[in-house]
Amino acid sequence: MRSFLSAVSAVLIVLVAILTPLSALAVWADREIGDTDRYVAAMAPLASDPAVQNAVAVRITNEVVQKIDVGPFHEGARDLLYEAVISFFGTDSYKTAWNTVNRAAHTAVEQALTSDSGDAVSIDLAPVIEQVKQQLSADVLQLAEQIPVGRTRITILDSDRLGVAREIFDGLRIAGVWLPFATLLLAAAAVLLAVRARRAARALVGLGIALAAGGALLRIAVTLGRGLALDDLPPDVDRPAARAVYDALTATLHTTAWWVLGAGLALAAVAWPAQRRGRPERGSSAPAPRPDVTAEDRPFLR
């Protein structure tokens, strides 16, 4: 019976190792990508990212230069606009505008990741252009009056290229908090079965190793996903900026992976001495049985 309980406990521990990264991904999909405020908070640091700033500045500059008539001063106007946009990135107005465009883009991100009807996800830079125009007007630059404020989009995700990733994401989001809750129940059941089999310390060591393995698997999955996402981008998408966006959206997964890995190793290290104490030493033999007491020996035992 003890061997059976130990075997079941071991199977449950293996399931914990597999479900741990999936649980982290489920919570991430449901609570961060699926929540507008947390999505905007995750994207907010990109306002100061040099790669993203360059991509936005180039996109705005090219769009504006194509729509205004500057005569023979085309290159000079381009450089002037580019520098104006770059200088605008250091203001609070830009950070506010950046959060505004990302809040508006969140619905498109959700639709692209959860349904086949989603279009390519892009950020409408019109609010940023409006702020740049106001700044240039304040600097008494005549060129500013000619800047059109219309839809100027920069693509961050192509929904047609998501494929299986969309199905996985949708399934994880549906699982939500139930998957991590089930993982915790399996971990508790594994320990309880091991207690009944008098293998509690061994189960705790195994559980710690399983958690550490789950953290490592999560880290590997995020890294592989990064490569796949960037390799499948359309040719007109700025790759350094897309890399920064991916890293920003998966930052909590990186942190979670390291925390789970560290917690698992700590649990295994704490439980390891108890397991060693409960294991018989090699070469040791059971105590010799007491010889049968004969009738002749009984007087001496009284």
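Because the structure is a prediction, the values reported are computed rather than measured.
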Exercise answer: donor-acceptor pairs, residues 21-29 side-chain atoms, under 3.5 Å, sequence neighbours excluded:
residue: S23; atom: OG; partner: L19; partner atom: O; Å: 2.7
residue: S23; atom: OG; partner: T183; partner atom: OG1; Å: 2.8
residue: W28; atom: NE1; partner: L249; partner atom: O; Å: 2.8

(message) Please check: side-chain N/O of N62 versus main-chain N/O of V58, any donor-acceptor pairing under 3.5 Å?
(response) yes

(request) Write down the atom of S9, the atom of A203, and the distance for their closest heavy-atom approach. (result) OG-CB, 4.1 Å

(message) Whether the side chain of N102 engages the backbone of W98 through a donor-acceptor N/O pair (distance < 3.5 Å, no angle test) should be reported.
(response) yes

(message) Could you report the tightest heavy-atom contact between A187 and L207, atom names first, then the distance?
(response) CB-CD1, 3.8 Å

(message) Taking transitive links into account, so neighbours of neighbours count too, which hydrophobic residues share a cluster with V14 at under 4.5 Å side-chain distance?
(response) I18

(request) Tell me whether L193 is reachable from I13 by hopping between hydrophobic residues (I, L, V, M, F, W, Y) whose side-chain heavy atoms are closer than 4.5 Å. (result) no

(message) Run the side-chain contact (heavy atoms from CB on, under 4.5 Å) test against V222 and tell me which residues pass, sequence neighbours left out.
(response) L218, Y246, T250, L253, H254

(message) Applying salt bridge (charged side-chain N to carboxylate O under 4.0 Å, His left out) as the test, list every pair that has at least one member in residues 241-254; sequence neighbours left out.
(response) R226-D247

(request) With sequence neighbours excluded, give me every salt bridge (charged side-chain N to carboxylate O under 4.0 Å, His left out) pair touching residues 249-267. (result) none

(message) So which atom in Q53 and which in I86 form the shortest heavy-atom distance, rounded to 0.1 Å?
(response) O-CD1, 4.3 Å

(message) Side-chain heavy atoms under 4.5 Å apart, restricted to Ile/Leu/Val/Met/Phe/Trp/Tyr: what other residues fall into the cluster of W259, or is it alone?
(response) none

(message) Could you list the cluster mates of L261? Members are the ILVMFWY residues connected by side-chain heavy atoms closer than 4.5 Å, either directly or through other members.
(response) W258, L265

(message) Filter on salt bridge (charged side-chain N to carboxylate O under 4.0 Å, His left out), then keep only pairs touching residues 178-193, sequence neighbours left out; what's left?
(response) none

Which donor-acceptor pairs under 3.5 Å do the side chains of residues 209-217 make with protein atoms, sequence neighbours left out?
none

(request) Locate the shortest heavy-atom distance separating A42 from P45; write the atom from each residue and the value. (result) O-CD, 3.3 Å

(request) Name all residues meeting the ring-ring contact (aromatic ring centres under 6.0 Å, His included) criterion together with Y94; count only those two or more places apart in sequence or in a different chain, and write none if there are none. (result) F88, F89

(request) Specify the closest pair of heavy atoms between Y82 and T61, including all atoms of both residues, with the distance to one decimal. (result) CA-OG1, 3.4 Å

(message) I need the full list of salt bridge (charged side-chain N to carboxylate O under 4.0 Å, His left out) pairs touching residues 94-109, with sequence neighbours left out, sorted by first then second residue.
(response) D37-R103

(message) List the residues meeting side-chain contact (heavy atoms from CB on, under 4.5 Å) with A244, not counting sequence neighbours, and say none if there are none.
(response) L46, D49, V52

